2 protein chains.
Amino acid sequence: MAHTYEHPRPALAVDCVVFGLDDADLKVMLIQRGAEPFKGRWALPGGFVRLNETLDDAARRELEEETGLKRVFLEQLYTFGAIKRDPRERVVSVAYYALCNLRDHKVQAATDASDAAWFDLHRLPALAFDHDEILKTAVERLRGKVRYVPIGFELLPRKFTLTQLQRMYEKILDRELDKRNFRKKVLGMGILDETDELQEGVAHRAARLYRFNEAIYKRMVKQGFNFEL
Amino acid sequence: MAHTYEHPRPALAVDCVVFGLDDADLKVMLIQRGAEPFKGRWALPGGFVRLNETLDDAARRELEEETGLKRVFLEQLYTFGAIKRDPRERVVSVAYYALCNLRDHKVQAATDASDAAWFDLHRLPALAFDHDEILKTAVERLRGKVRYVPIGFELLPRKFTLTQLQRMYEKILDRELDKRNFRKKVLGMGILDETDELQEGVAHRAARLYRFNEAIYKRMVKQGFNFEL
DNA sequence: TGACTTAGTGTGTGCTGTACACGAAACTGG
DNA sequence: CCAGTTTCGTGTACAGCACACACTAAGTCA
């Protein structure tokens with residue numbers, strides 16, 4: 001069935017930059033393209049927006065279809081509208097970025113694309129379209145935002161050690177933090193609940209596990225509290 | 001001439017939130033709609049994106065066509081994609097915000113829309129479409145960004161007094177600042193050039209005029225400097 | 001010249017950022 | 001079980017910054 005309009009219009013797509021964290025490094029989920037253009041190249045998961053779904057819905061749908069990821073943190077990033085960014089025709093893409101912890105979402109087999117895999121941020125293959133630019137924008141946004149909004153917790157399991165939390169910030173911000181100052185600061189904020197559980201399966205003294213208390217955080221924000229790392 | 005596509009696609013528009021500052025208050029430029037839907041209602045300047053222009057170009061073009069504004073600071077804000085935001089059909093809108101100083105751009109007669117005018121931010125009429133939501137998002141963004149990027153200067157004339165600078169921040173942030181601390185801080189950053197000119201036409205002691213030195217600012221940013229009010 | 005308005009300036013106090021080191025706990029391997 | 005290895009968890013001192021605060025100087029106007 002064909003669709004006819006009085007004026008020509010760009011196609012509208014969404015693309016998602018999915019960040020994941022494991023013990024080693026910050027990673028990004030990529031999809032190997034099964035069709036032209038850029039067949040065989042790695043690309044961000046994404047696809048065209050349907051008429052009966054919002055942009056957020058489209059991003060979530062594509063994410064699930066192509067990577068199996070559900071219920072992750074997802075936020076609009078920026079809209080890319082360069083004229084030749086897609087060689088076929090004019091495609092404007094609303095980019096999103098997502099955060100999830102790698103433990104819960106290992107190498108999920110993709111249903112839609114020919115392959116999906118996590119890539120180390122420092123060892124990326126050449127990407128299709130303008131996806132390297134989108135990715136760069138996403139990294140900058142993540143770096144900026146993680147410092148004044150507690151979104152970093154989305155990259156960790158629900159219960160985590162303070163060292164894991166610190167490593168997460170160090171990987172994103174790409175610099176080392178002082179252990180004692182870091183702990184003093186985050187504990188002083190009062191948004192972490194200390195559990196009575198300890199880390200398991202490590203070959204050394206086990207660390208205490210903490211949980212992010214979002215309810216307290218939100219209450220404090222209303223009273224003028226400012227998260228800031 | 002009609003245009004036919006295999007799959008249906010949303011229409012793509014841009015809308016601009018233009019902020020202006022005069023001695024009294026922070027203002028927004030609105031356009032009175034001359035056609036349905038929302039005929040007679042006030043709305044943000046904007047229009048549809050053409051195939052041969054980028055999103056930024058579309059925003060600048062619409063801004064000039066509808067308000068006469070050229071060469072202002074313009075930055076992408078957010079993309080709004082609610083399904084029923086336009087009663088006619090599905091329209092996704094990439095919103096921008098712009099900053100300019102009211103002195104240089106008085107009540108320019110609009111060419112395209114039936115009328116354009118500056119509105120006090122605290123006394124806004126009912127707006128068309130979801131433009132109140134876009135506006136709210138723009139105000140939040142401006143509030144957040146003005147504190148750690150020196151974009152506020154775009155709202156002032158090229159040469160300004162420190163009091164004008166302070167008033168600008170007070171109006172945007174909606175709280176009073178301490179005069180001595182403010183001056184100490186901004187002068188201490190070293191990004192303002194003191195001119196040898198004084199304010200003219202005021203009925204009291206004239207204040208010294210300063211200029212924002214963007215070259216120095218950029219150089220300092222490269223060396224790790226962080227603007228922060 | 002007196003009244004009025006805004007410009008321009010410095011100090012003290014408390015808090016926050018930051019630099020920095022070591023003993024305790026738990027596991028490993030011989 | 002002992003020695004070695006790894007990570008955990010903790011406190012202090014100093015410097016720089018945020019913030020509160022008030023008066024004199026300069027210019028205009030009537």
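As a basis for the values below, the full set of heavy atoms in this structure was taken, side chains included, without hydrogen atoms, waters or symmetry mates. This structure is a prediction, so every number in the text was calculated from the model and none was measured.
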* Asked: Any Lys/Arg nitrogen of B:Arg61 or B:Glu65 sitting under 4.0 Å from an Asp/Glu carboxylate oxygen of the other?
  -> yes

Expressed as a whole number of angstroms, how long is the span from [X]:[atom1] to [N]:[atom2]?
X        : N      : atom1 : atom2 : value
B:Gln164 : C:dT6  : CD    : P     : 13 Å
A:Glu176 : C:dA19 : CD    : C1'   : 14 Å
B:Arg147 : D:dA18 : CZ    : P     : 12 Å
A:Leu229 : C:dG17 : CG    : C1'   : 12 Å
B:Gln166 : C:dT9  : CD    : C1'   : 14 Å
A:Phe182 : C:dG17 : CZ    : P     : 14 Å
B:Leu177 : D:dC21 : CG    : C1'   : 15 Å
A:Asn181 : C:dA21 : CG    : P     : 13 Å

* Taking ring pair (Phe, Tyr, Trp, His ring centres under 6.0 Å) as the test, write out the residues that go with B:Phe129, two or more places apart. => B:Phe38, B:His131

* Nearest-nucleotide wise, let me know which of B:Asp178 and A:Glu228 is further upstream toward the 5' end of DNA chain C. => B:Asp178

* Asked: Is the backbone of A:Gln32 close enough, under 3.5 Å, to the side chain of A:Arg41 for a donor and an acceptor to pair up by distance?
  -> no

* Return the orientation label for the B:Phe119 and B:Trp42 ring planes: parallel under 30°, perpendicular over 60°, tilted otherwise. => perpendicular

Protein-nucleic acid N or O pairs under 3.5 Å, nucleotides 8-10 of chain D:
residue	atom	partner	partner atom	Å
D:dC8	OP1	A:Thr163	OG1	3.1
D:dC8	OP2	A:Thr163	OG1	3.1
D:dC8	O2	A:Arg205	NH1	2.9
D:dG9	OP1	A:Arg208	N	3.1
D:dG9	OP2	A:Arg183	NH2	2.7
D:dG9	N7	A:Lys179	NZ	2.8

* Asked: On a plain distance test, is the side chain of B:Lys184 in donor-acceptor contact with the base of C:dT11 below 3.5 Å?
  -> yes

Can you give me every donor-acceptor pair (side chain of residues 72-79 of chain A, partner residue at least two apart or in another chain, under 3.5 Å) with its distance?
residue	atom	partner	partner atom	Å
A:Glu75	OE1	A:Tyr97	OH	2.8
A:Glu75	OE1	A:Lys145	NZ	2.9
A:Gln76	OE1	B:Thr79	N	2.8
A:Gln76	NE2	B:Thr79	O	2.9
A:Thr79	OG1	B:Thr79	OG1	2.5

* Which atom of A:Met220 lies closest to which atom of A:Ile191, heavy atoms considered -> SD-CG2, 3.9 Å

* **A:Arg147 CZ: over 12 foreign heavy atoms closer than 6.0 Å** => no

* Asked: Does B:Lys185 make a side-chain N or O approach to OP1 or OP2 of D:dA18 shorter than 4.0 Å?
  -> yes

